[in-house]
Participant: 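Have a look at this one before I ask anything.
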Amino acid sequence: EFAMVLRKSSNSALTQPQVTSFMIADGSAERKLYDNPFAKPMAVWKFILEAIGREGQLILDPYAGQGSCLRTVINMRMVPTGIEIDPAHYNKGMLNLTRVINDINGTKN
């Protein structure tokens with residue numbers, strides 16, 4: 001599966017240069033967590049986001065699904081924004097992201 005990074009900025013240099021343009025990661029935890037065989041592993045999102053993002057930066061996931069990218073965005077102290085047209089994925093994504101935020105804040109889910 002592919003993940004595309006689009007960036008427009010006056011300073012578009014990578015924050016962390018990458019030595020490769022591909023990655024292989026185990027997605028078994030995400031398949032259980034998201035009940036979705038196509039959810040990308042957190043390691044993949046972290047690999048991508050470390051190269052392009054900075055703390056506090058707005059990150060858009062235009063195909064948010066159940067929130068695997070946005071979960072990593074939150075954990076890396078970036079600002080998540082997502083778009084999802086499938087109501088079932090959207091609703092599960094909101095539940096998943098609520099859990100992440102509650103875990104960070106130490107509140108009950």
Side-chain angles (χ1 to χ4, degrees):
E1 190 165 336
F2 294 92
M4 183 183 292
V5 176
L6 305 170
R7 183 174 181 162
K8 180 179 179 184
S9 169
S10 60
N11 180 8
S12 60
L14 295 177
T15 56
Q16 180 178 329
Q18 301 296 329
V19 296
T20 184
S21 61
F22 67 92
M23 176 182 206
I24 298 172
D26 177 15
S28 57
E30 282 75 11
R31 283 192 293 276
K32 290 178 192 172
L33 180 64
Y34 296 107
D35 190 29
N36 178 351
F38 303 110
K40 288 179 187 60
M42 183 178 271
V44 171
W45 289 120
K46 190 172 180 190
F47 173 79
I48 293 169
L49 292 167
E50 283 177 340
I52 63 159
R54 294 173 181 83
E55 189 172 317
Q57 182 176 359
L58 177 71
I59 302 291
L60 170 66
D61 181 357
Y63 306 97
Q66 296 178 22
S68 65
C69 173
L70 300 177
R71 172 179 159 230
T72 307
V73 167
I74 292 168
N75 283 315
M76 294 180 71
R77 296 189 167 124
M78 297 173 189
V79 180
T81 301
I83 300 169
E84 178 54 56
I85 64 170
D86 183 318
H89 287 315
Y90 173 84
N91 291 332
K92 286 182 181 179
M94 291 303 294
L95 289 173
N96 291 332
L97 296 176
T98 299
R99 283 190 205 108
V100 170
I101 292 167
N102 286 344
D103 286 347
I104 290 170
N105 292 330
T107 57
K108 293 185 178 187
N109 294 329

Participant: Supply the atom-to-atom distance Gln66 CD to Leu33 CG, rounded to the nearest 0.5 angstrom.
Facilitator: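 That separation rounds to 8.5 Å.
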
Participant: For residues Glu30 and Met42, determine if any side-chain heavy atom of one lies less than 4.5 Å from a side-chain heavy atom of the other.
Facilitator: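 Yes, their side chains come closer than 4.5 Å.
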
Participant: Should we say atom CE of Met94 is surrounded by more than 12 heavy atoms from elsewhere, each under 6.0 Å from it?
Facilitator: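 Result for CE/Met94: open.
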
Participant: Hey, does Lys40 have a side-chain heavy atom less than 4.5 Å from the side chain of Ile48?
Facilitator: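 The answer is no, as the side chains (C-beta and beyond) never meet within the 4.5 Å cut-off.
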
Participant: Same hydrophobic cluster for Leu95 and Tyr90, using side-chain heavy-atom links shorter than 4.5 Å among ILVMFWY?
Facilitator: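 Different clusters.
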
Participant: Any side-chain donor-acceptor pair under 3.5 Å between Arg99 and Asn96?
Facilitator: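 The criterion, which ignores hydrogens and geometry beyond distance, is satisfied for Asn96 and Arg99.
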
Participant: Taking Asp61 for its side chain and Leu70 for its backbone only, find out whether a donor-acceptor pair lies under 3.5 Å.
Facilitator: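 Looks like no, no N/O pair under 3.5 Å.
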
Participant: Distance from Leu97 atom CG to Lys92 atom NZ, nearest 0.5 Å?
Facilitator: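 NZ of Lys92 is found 14.0 Å from CG of Leu97.
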
Participant: CG of Asn75 to CD1 of Ile104: how many Å apart, nearest 0.5 Å?
Facilitator: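 One finds 5.0 Å between CG of Asn75 and CD1 of Ile104.
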
Participant: Side-chain polar contacts of residues 79-86 - donor-acceptor pairs under 3.5 angstrom, sequence neighbours left out - could you list them?
Facilitator:
residue: Glu84; atom: OE1; partner: Gly65; partner atom: N; Å: 2.6
residue: Glu84; atom: OE2; partner: Asp86; partner atom: N; Å: 3.0
residue: Asp86; atom: OD1; partner: Ala88; partner atom: N; Å: 2.8
residue: Asp86; atom: OD1; partner: His89; partner atom: N; Å: 3.3

Participant: Which residues satisfy the side chain to side chain contact (heavy atoms under 4.5 Å, CB included) test with Ala29, sequence neighbours excluded?
Facilitator: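 Ala29 satisfies side chain to side chain contact (heavy atoms under 4.5 Å, CB included) with no other residue.
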
Participant: As a test of understanding, state which of Glu50, Glu55, Arg71 forms a side-chain contact (heavy atoms from CB on, under 4.5 Å) with Met76.
Facilitator: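 It is Glu50, the one option of Glu50, Glu55, Arg71 that forms the side-chain contact (heavy atoms from CB on, under 4.5 Å) with Met76.
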
Participant: Which residue in the set Leu49, Ile59, Val100 passes side-chain contact (heavy atoms from CB on, under 4.5 Å) when paired with Thr72?
Facilitator: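 It is Leu49, the one option of Leu49, Ile59, Val100 that forms the side-chain contact (heavy atoms from CB on, under 4.5 Å) with Thr72.
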
